[in-house]
Amino acid sequence: MTTTSPVKRSAAMIASIADPGVPTTPAPFGHALADLAARDDRIVGLTADLSKYTDMHVFAAAHPDRYFEMGMAEQLMVGAAAGMAAVGLIPFATTYSVFATRRAYDFLCLDAAEPGLNVNVVAALPGLTTGYGPSHQATEDVAILRGMPDLTIFDPADAVDVEAIVPAAAALDGPTYTRLLRGQVPRILDRYDYTFEVGKAKVVRPGDDVVIVSSGLMTMRALLAAEKLSEEHGVETSVVHCATLKPFDEETVVAQLDTDRLALTAENHTVVGGLFEAVAGALVKRGVGKRVHPIGLPDAFLDAGALPTLHEKYGLSTDAVVARVLNGLRRPHSYS
Amino acid sequence: MAAVTQELGLDAARTRRVADSAFEIRMGVLEQGEAQGEGYVGQALGIADVLAAVYCDKLRHRPEDPDWDGRDRFLLSIGHYALASYAALAAAGVIPRAELQTYAADGSRLPMSGMKTYTPGMEISGGSLGHGLGQAVGMALGLRLQGRADQLVYNLLSDGELNEGSTWEAAMSAAHWNLGNLVALVDLNGLQADGRTDDILRMDAQEDRWSSFGWHVQRIDGNDLEAVLTALDVATDQAVAHGRPHVILCDTVLAKGVPILEAKDKLHFLRVAAEEWPTAKEQLTAGYEENSR
């Protein structure tokens, strides 16, 4: 950032992650939860003073009797959600990813995961989805949570995933953590032959030259990059989407990587402790020696600023993904 | 207290029966302590009267069916008091008394820190302090939402546990949601791991703290069975779906009922020589028989 550049509006909290031309769906989580609750009276919603910012307000308006504003008290919210699950309800509790993970970890672990309760934490602003700075950028949320036994971790790519994950999470007996995309959420997976399944990685797009194993919003970026690479460079890229990060579908991912194609991972998360390391562990365990180029956030506290600027800077933009693939094709043995 | 006792119909037979249970719980605590040679025996002996009143008189539950959906909930957030809970569960008939011998042993259902997943009748996995009251808030809210606010939620906390800020988040929340179906019991024994509670993080003016948060407060001698039963009666008689949550602040004496242990220095985690356990049991029995006369 330089002082002479024109000021970009940071729109820190409400920045959209949609690329130009990608349609969006408003508040898919809130609507999906409200719809599910209309069919299942065990569904309850909680938030820690962030209903409007986590799309919980849609549920609150539809089912005010089953909506609980718990105040700015994340430890309490998660503990209370566990208490509700213990008496037979199915709670969905929302806050930002930083607060759910950094602040309420012990409560999710001991109150919900250890007893195996159906507590569903739905956390907005995962990874780098706000320009607000390190207080709100949950660059390590998956790294924090991956070691928690019995927790299922979802990283939806778009509104299609979000809408499928809500009923799937409710149907699972144990606790879940979902990296929520909220607000105007891109909708892209319905262009492909794709169905969400808990615990399954899916080949969303085939391709003979390159394979990108991705999760979350980086699946959207990978798909858009794959289209560009095909149209502009004649490079065919396969995209393997991991909507469930834990348990991790090692079998599918390793099978897709154990080829001669250039391989990359793409995640909206630090390269420490997230998708890349899950992939690396799966490969090593099976004795597959394969160079994988990680696309992800650096192991650092990131800048504040406008989200598009930051995605460009840290390599999460569609163009940055295209550049990494082309660079990898030119120099397949380089690493960074 | 006598007048209140009479008014509430607190009869001698009831008190006697609960006193018998308290003795049984204390003896069960000593048996578990002896099996391991050490443990949180002081706290367990101190809280035995409260647990006897809860498990053997007040709590609505079915010992033969600990998962009965219509039960009251009793949450032990202070997981290290588990041996007291196990002895109470045995006294109430939820687990076999002989099982107390397995306390903290490999493969036992009775781990040193109380866990929902190990032991019938344990409602939460405690041990990390400051977790119980938040879960109690959720249960009380959930039961009320389901039209079951007559099923009460109890949470046993300790004064050391009040250091944890999450407890006060939950205290605010219980009052905010008017959880009149929630009863918190706080063991004020004045000691925590590093020393006296007053020296570590001052927790004075307990009545004022809870009262200012919007709770209905009673403070009692937690080793006076009539006082314990009376306070519980007041709380449960006033329990409603929407009203002030109840807290009973219980001053207790560590290792109560066993003079040889009461006199020890390091009461937070007691190590007792093998030859002292028979003496401890004799003292407990002697004191009980004297009070029974």
Side-chain angles (χ1 to χ4, degrees), chain A residues 37 40-49 63-93 95 99 102-121 148-150 173-175, chain B residues 67-77 79 111 113-119 122-149 151-155 164-177 179 181-182:
Chain A
D40 188 337
D41 61 11
R42 297 171 299 170
I43 302 293
V44 291
L46 303 84
T47 194
D49 196 27
H63 303 283
D65 55 324
R66 282 187 269 163
Y67 167 67
F68 299 91
E69 169 61 79
M70 301 307 288
M72 218 182 299
E74 295 78 15
Q75 301 174 97
L76 162 73
M77 177 180 70
V78 173
M84 290 178 177
V87 298
L89 298 171
I90 300 177
F92 282 74
T95 179
F99 307 135
R102 295 175 186 167
R103 197 152 195 147
Y105 182 94
D106 195 23
F107 295 77
L108 184 58
C109 187
L110 278 170
D111 302 2
E114 199 282 331
L117 292 169
N118 191 342
V119 171
N120 304 289
V121 173
M148 189 185 295
D150 298 337
D173 279 341
Chain B
D67 295 328
W68 172 51
D69 204 31
R71 70 191 185 279
D72 293 337
R73 266 65 172 179
F74 181 85
L75 281 59
L76 182 76
S77 48
S113 186
M115 308 269 282
K116 176 187 176 85
T117 44
Y118 279 65
T119 316
M122 295 295 279
E123 297 283 359
I124 63 170
S125 292
S128 179
L129 300 181
H131 286 235
L133 197 57
Q135 292 177 80
V137 164
M139 288 187 191
L141 274 172
L143 289 168
R144 186 171 75 188
L145 179 68
Q146 296 166 327
R148 303 194 280 158
Q151 292 175 237
L152 301 183
V153 181
Y154 298 86
N155 176 216
E164 295 284 1
S166 53
T167 292
W168 297 102
E169 289 184 2
M172 284 188 280
S173 185
H176 172 82
W177 288 100
L179 295 177
N181 53 339
L182 176 58

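Side chains included, hydrogens not; waters and symmetry mates left out as well; all remaining heavy atoms used. Just so it is clear, the model here is predicted, and its values are computed rather than measured.
Across B:Arg73, B:Met172, B:Gln151, B:His176, the residue that shares the most heavy-atom pairs under 4.5 angstrom with chain A is B:Arg73. With chain B as the partner, the residue from A:Leu89, A:Asp41, A:Asp111 showing the most heavy-atom pairs under 4.5 Å is A:Asp111. Among B:Lys116, B:Met139, B:His131, the residue with the largest count of heavy-atom pairs under 4.5 Å with chain A is B:His131. With chain A as partner, the option from B:Leu141, B:Ile124, B:Val137, B:Thr167 having the largest number of non-hydrogen pairs under 4.5 angstrom is B:Leu141.
Put simply, the side chain of B:Val153 does not reach to within 4.5 Å of the side chain of B:Gln135, judged on heavy atoms.
The contact between A:Ala86 and chain B is made by backbone and side chain atoms together, counting heavy-atom distances below 4.5 Å. Neither the backbone nor the side chain of B:Glu123 has a heavy atom closer than 4.5 Å to any heavy atom of chain A.
The backbone N or O of B:Glu169 sits nowhere less than 3.5 Å from a side-chain atom of A:Gln75 that would complete a donor-acceptor pair.
For the side chain to side chain contact (heavy atoms under 4.5 Å, CB included) criterion with A:Met70, the lone passing option out of A:Asp49, A:Val78, A:Leu46 is A:Leu46. Exactly one residue among A:Val119, A:Ile90, A:Val44 makes a side chain to side chain contact (heavy atoms under 4.5 Å, CB included) with A:Met84. That residue is A:Val44.
Residue pairs that meet the side chain to side chain donor-acceptor pair (under 3.5 Å) test with at least one member in residues 79-91 of chain A, sequence neighbours left out, do not exist here.
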